[in-house]
Amino acid sequence: MKYTLLEIIYKLFGDPKKNSLEHRLFNTIALVNGLLNIFGALGSFYLPDFEMIFLLNLTSGLLMIGMYFLSRFKSIYYILFWPFNLTILIYLSAMWFYNGGSVGGNHYYFIPALVIATILMRSQKVWFVYLIYISVTASLYLTEYFFKERIVAYSSEMDRYLDAGGNYIFVQILTGILIFILTRNLNIERKKSDSLLLNILPESIANELKVSNSVIPMRYESISILFTDMAGFTKVAEQMTPEELVEELHIYFHGFDTIIKQHRMEKIKTIGDAYMAAGGLPKTNRTHAIDSVLCGLEFQRFMADHKEIRQMQNLPVWELRLGIHTGPAVAGVVGSDKFAYDIWGDSVNTASRLESSGIVGEVNISQATYELIKDFFECEHRGKVMAKNKGEIDMYLVKSIHKHLQDERRQNRPNATFLSLYQSIDV
């Protein structure tokens, strides 16, 4: 089985979809530090008292590798925070005494160690971590000052220079690795948050919200609004468990989501079994009426296919009422918590009434929408229909795309004719 580089990274350090930022950072830092300490043990044979330095490096390295495995595969990294930091502090403190003290540059290591501890700290008590590190380093300096005999000195000035220089370079490399790890994981988190935001809001609206922390409502002179709901939903729902019901709705709404993306429509919201989308916003276009009708036809085709499958399996049948109206509306973001992109206006109410008064399994459209799409689709005038709070309104049923346009769509040229013809329509 072949893995990409990204898949290997996810296998080693955790999947961003399943593991938190702190969890992935802990895995990465524990593994990197553990391996570096083990390699450091192998390269310590030329140092004075190398036996103790070798043992310190090897033991601490193995402990960190063990913590990595516990964190990666048992997901208990938050319990390992203090064991991990105490391992680092004990290791650095011991190395201070056996490797020349501050003269050998051992104090450099406390900088990335504190950075690691601060990054991994989940709570707000960062001051406590700082206090511990300050206390330990102050104690080591005082011990070195008053009890110099406890520090294992270098045998020569050259050894001191080599070790101090090596420590400094090593800390630079380690700090660079930490910065890379942090920026890499932060970029992943940023992409996750952006992706979540784009699942809630259109891209242009999401960008405006990120820049100014608010969205200015916009008036659109002409958009097409599509409403649907499941006919007989309550009756069907009574025959299913809540889990089965949600799973079934997910199948239909997931299919609808895919269809609207293909037709430049914007999903507005779902409420229970109702689904609402609109065309011509947030970026205006001249084809929104056509887009919405094509979308409606595919919705009904999608429902018909699933109806046939469910009938063969002797399962309850789902059918769709669908209404489309074209007109002016205002769009914007409401609320400060769990905000949502929504549209308002009489056109929205009319679209809702078209849906509730529509014929199941048909694409029901208003007179306004009909005038914009009649050159593209075969339609049937249903007559005047009484709509709640709207009185009598003309309603049309869209039957199919005009035959000559169907031929062009089969030749994979669906947009050319639509767009060229649509340029002459005054929206």
Side-chain angles (χ1 to χ4, degrees), residues 3 5 8-14 23-73 77 80-120 133 136-137 140 151-156 158-185:
Y3 291 102
L5 178 60
I8 293 171
I9 291 172
Y10 288 171
K11 287 284 184 183
L12 285 174
F13 306 124
H23 192 175
R24 299 197 311 276
L25 285 172
F26 185 96
N27 296 339
T28 309
I29 292 168
L31 181 61
V32 170
N33 275 274
L35 292 175
L36 288 175
N37 278 24
I38 292 172
F39 287 135
L42 300 176
S44 62
F45 295 105
Y46 72 95
L47 298 171
D49 293 312
F50 77 88
E51 297 93 343
M52 185 57 68
I53 295 174
F54 173 82
L55 187 61
L56 282 168
N57 275 295
L58 184 62
T59 303
S60 61
L62 291 174
L63 281 172
M64 290 179 189
I65 293 293
M67 291 183 203
Y68 160 75
F69 279 104
L70 285 173
S71 172
R72 178 67 187 91
F73 300 107
Y77 72 98
L80 297 171
F81 176 81
W82 283 113
F84 182 76
N85 276 282
L86 289 174
T87 300
I88 291 176
L89 283 171
I90 292 169
Y91 165 76
L92 292 179
S93 299
M95 288 294 289
W96 187 288
F97 290 102
Y98 287 98
N99 202 24
S102 61
V103 176
N106 289 282
H107 52 294
Y108 294 133
Y109 286 100
F110 283 88
I111 298 171
L114 178 58
V115 171
I116 291 170
T118 305
I119 291 171
L120 295 178
Y133 272 81
V136 171
T137 51
L140 290 170
I151 306 297
V152 177
Y154 291 95
S155 57
S156 67
M158 181 58 71
D159 285 342
R160 184 181 74 81
Y161 276 116
L162 288 173
D163 198 40
N167 286 344
Y168 183 72
I169 293 170
F170 186 80
V171 169
Q172 282 189 317
I173 294 171
L174 180 60
T175 304
I177 291 172
L178 289 176
I179 292 171
F180 172 78
I181 292 169
L182 185 59
T183 53
R184 170 71 184 173
N185 281 281

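Computed from a prediction, not measured in an experiment: that's the story for all the values here.
Under the 4.5 Å side-chain criterion, counting only non-hydrogen atoms from C-beta, Leu25 is not in contact with Tyr77. Leu58 is not listed as a side-chain neighbour of Asn37, based on a closest heavy-atom distance of 4.5 Å or more. With contacts defined as side-chain heavy-atom distances shorter than 4.5 Å, the pair Asn33/Tyr68 does not qualify. Inter-residue side-chain proximity for Asn85 and Phe81 is flagged as met; some heavy-atom pair is nearer than 4.5 Å. Looking at Leu31 and Met64, their side chains never come closer than 4.5 Å, going by heavy atoms from C-beta outward.
Between the side chain of His23 and the backbone N or O of Phe13 there is no donor-acceptor pair closer than 3.5 Å. The backbone N or O of Met67 lies less than 3.5 Å from no partner atom in the side chain of Ser71, so there is not a single donor-acceptor pair.
Listed here is the closest heavy atom pair of Ala30 and Phe84: CA-CE1, 3.8 Å. Contact detail for Lys11 and Arg72: the closest heavy-atom pair is O-NE, 3.0 Å.
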All N/O donor-acceptor pairs, side-chain side in residues 89-97, below 3.5 Å, sequence neighbours left out:
unit_1	atom_1	unit_2	atom_2	d
Tyr91	OH	Asn57	OD1	2.5
Ser93	OG	Leu89	O	2.7
Trp96	NE1	Glu144	OE1	2.9

Apply the test side chain to side chain contact (heavy atoms under 4.5 Å, CB included) to residues Ile38 and Ile65: give CA-CA distance (whole Å), side-chain angles for both, the deciding distance (0.1 Å), then the verdict. CA-CA 10 Å; Ile38 292 172; Ile65 293 293; 4.1 Å; yes
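Here the CD1 atom belonging to Ile116 is positioned 10.5 Å from the CZ atom belonging to Phe26, to the nearest 0.5 angstrom. Interatomic distance, Leu80 CG to Leu70 CG, rounded to the nearest 0.5 Å: 6.0 Å.
Taking Thr28 as the reference, nothing meets the side chain to side chain donor-acceptor pair (under 3.5 Å) condition, with sequence neighbours excluded.
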